[in-house]
Amino acid sequence: MIGAGLAALVALHSCKVYDESLLGGTKGTPVPPDQWGSGIGWWSTKGTNGCISAGLPTQADRPKNTAADELEPLYFAISSMALGSLDRNGDKTEGAWKSLGFDIDGLCTNSDTCEAEVTELPCTPKAAISGDGRECRDNTFGHLESDAIALQGLGKDFGLSNDAFNCALCRGDYNFIFRVSKWNGTPNDESIRLDLYPSPGLEKTPSWSCEINAPIGDWKKNTCWTQTDRWTIQKNTFDGVLEPGKDLPNALSNDPNAYVKDGYVVAQLPENTNFWFPGKSAAWAYPLKLQRALVVAKLTQTETGYRVEDGTISGRARTNDLVSAFADLGLCDGHSLYVLMKSQIELNADVLWNGTNSEQASCDALSVGIGFEADLAGYGGERDPVTLPGCPPTTDGGTDGGGIPDGAAGDSGVDSGPKDAGQG
């Protein structure tokens, strides 16, 4: 019953490599600013058929500006995330995943908001095609997350709960610290730097705790972290020495040539970026490894400084990496849910991990779209990541967790096996 239910619920997306002409106006007109928000912005277009594509920012959209004074580096910690089962407000909404992510393949397939004819695919799927999200968004991972948490076992035993995850962020059990530097403080800057530092949690967490089976939003009665709290930084994820009272060394996961356009920062992360939150809470953070990862978020000035709104993390997750990530969480070959998990990941592959377009190639990755917001944050000292359950040792010739070689781009110098989930 579980297998049949998940197979019926988890959707497949058709796929087409992203077409940059969608942003240039040759196939549509820009979406006006009064319609921006929730992943729709200057990178989005409305076609001649009336369909809006969420689109995807590219390097060609980089603005030109004159030199200006730089602000001091800004540090943010994520305050909430929308993974697919919850919307950006943290509410359980049917089809919330449909409004997350971008149109990364440049093709609209059976979207609720567009009746476009399917004419081509960038790769060959292993099962029947279902549909894109709203505004032609590609987010099969979000659909899978939304449906998987409803299953006894995947949802409870392995902590796949968006609400419990947001509780952990509020309490300070783990996080990611974003540093924005070399920014001129204006809505347009042709070159800034973005660094991402995984955090195993606050130096001091509050007395209250998160519960995996608590009613959605029940944790909101507690006080979340503030700018005066100090986040630890995971060891071996930066290229220098962390000195108290000084700016953080550069992170190994970074974009040294990001940009800001119309208030939105756009950053391309290294291949094999491990987007894993390395702390412990009621809900494990799923060790998600991304290819062609893109961070797009609005920098908003407030009375007390700045915050990040309308953030989106988009990318492609290879099927073998997704299976390995479940193994890091303890869902191993021989477990009653292992075959179901592995088959659904492989059946729902909707894109090619490297972003190329080939109808002769089998789809080997899932599209990913995650929403987030972040607030100004402080940081403290270093800390080791938590140890994930992992699977019993196997005679695989030394391979662990399906990861990448230590020290490779996006790995941040941390071993890629089940013990630490290859965090970088």
Side-chain angles (χ1 to χ4, degrees), residues 9-20 22-23 27-28 30-31 35-47 49-58 61 81-89 93-118 120-123 125 129-147 162 264 266 288 290-298 310-317 348-353 355 357 363 365-373:
L9 288 169
V10 177
L12 281 165
H13 288 215
S14 79
C15 34
K16 177 181 182 295
V17 88
Y18 175 69
D19 186 350
E20 293 191 13
L22 287 174
L23 291 180
K27 292 188 178 181
V31 174
Q35 297 181 32
W36 293 1
S38 192
I40 301 295
W42 47 260
W43 53 86
S44 307
T45 58
K46 186 174 184 178
N49 59 358
C51 294
I52 292 179
S53 165
L56 190 73
T58 70
D61 299 302
M81 301 192 78
L83 305 178
S85 56
L86 302 182
D87 60 25
R88 288 179 179 269
N89 295 320
T93 304
E94 183 69 25
W97 64 272
K98 295 182 179 182
S99 295
L100 301 172
F102 297 125
D103 179 12
I104 68 173
D105 62 20
L107 184 69
C108 201
T109 308
N110 301 331
S111 171
D112 293 346
T113 60
C114 182
E115 297 181 0
E117 181 181 356
V118 181
E120 57 183 316
L121 300 173
C123 54
I129 297 170
S130 181
D132 289 350
R134 299 181 182 91
E135 291 82 37
C136 313
R137 302 171 202 253
D138 299 296
N139 187 15
T140 300
F141 178 83
H143 196 173
L144 186 63
E145 187 274 338
S146 176
D147 295 331
N162 196 160
Y264 282 87
V266 178
L288 180 62
L290 294 174
Q291 314 299 327
R292 303 179 69 83
L294 193 70
V295 176
V296 181
K298 185 178 181 180
D310 194 20
T312 299
I313 298 168
S314 175
R316 301 157 187 259
N348 284 281
D350 64 325
V351 290
L352 293 174
W353 73 266
N357 182 12
C363 300
L366 269 63
S367 55
V368 177
I370 298 172
F372 75 96
E373 293 190 349

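Basis for what follows: all heavy atoms, side chains included, without hydrogens, waters or symmetry-related copies.
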> What residues form a salt bridge (charged side-chain N to carboxylate O under 4.0 Å, His left out) with Asp310, not counting sequence neighbours?
Replying inline: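 Partners of Asp310 under the salt bridge (charged side-chain N to carboxylate O under 4.0 Å, His left out) test: Arg88.
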>> Rounded at 0.5 Å granularity, tell me how far CG in Leu366 sits from CG in Leu290.
In response: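 Between atom CG of Leu366 and atom CG of Leu290 there are 11.0 Å.
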> If you round to the nearest 0.5 Å, how far is CE of Met81 from CD1 of Ile370?
Replying inline: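 Answer for the CD1-CE pair, Ile370 versus Met81, is 5.0 Å.
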For [X] and [Y], indicate whether the former's side chain and the latter's backbone hold a donor-acceptor pair under 3.5 Å.
X: Asp350; Y: Ser367; value: yes
X: Ser314; Y: Gly101; value: no
X: Trp97; Y: Phe141; value: no
X: Glu145; Y: Ser85; value: yes

> Taking atom types as modelled and ignoring hydrogens, do the side chains of His143 and Asp147 form a donor-acceptor contact shorter than 3.5 angstrom?
Replying inline: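 Yes, a side-chain donor-acceptor pair sits under 3.5 Å.
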>> If we count only N and O atoms by modelled type, under 3.5 Å, do the side chains of Thr93 and Asp87 hold a donor and an acceptor together?
In response: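 Yes, because at least one side-chain N or O of Thr93 sits under 3.5 Å from a partner of the opposite role on Asp87.
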> Can Ile313 and Val368 be said to form a side chain to side chain contact (heavy atoms under 4.5 Å, CB included), step by step?
Replying inline: CA-CA 8 Å; Ile313 298 168; Val368 177; 5.9 Å; no
> Cys114: what forms a side chain to side chain contact (heavy atoms under 4.5 Å, CB included) with it, not counting sequence neighbours?
Replying inline: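 Applying side chain to side chain contact (heavy atoms under 4.5 Å, CB included) to Cys114 gives Asn49, Cys51, Cys108, Ser111, Ala116, Cys136.
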> Under the side-chain hydrogen bond (donor to acceptor under 3.5 Å, both in side chains) test, which residues partner Asp112, sequence neighbours left out?
Replying inline: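 Applying side-chain hydrogen bond (donor to acceptor under 3.5 Å, both in side chains) to Asp112 gives Lys98.
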> Run the side chain to side chain contact (heavy atoms under 4.5 Å, CB included) check on Val296 and Trp43 step by step: do they pass?
Replying inline: CA-CA 10 Å; Val296 181; Trp43 53 86; 3.8 Å; yes
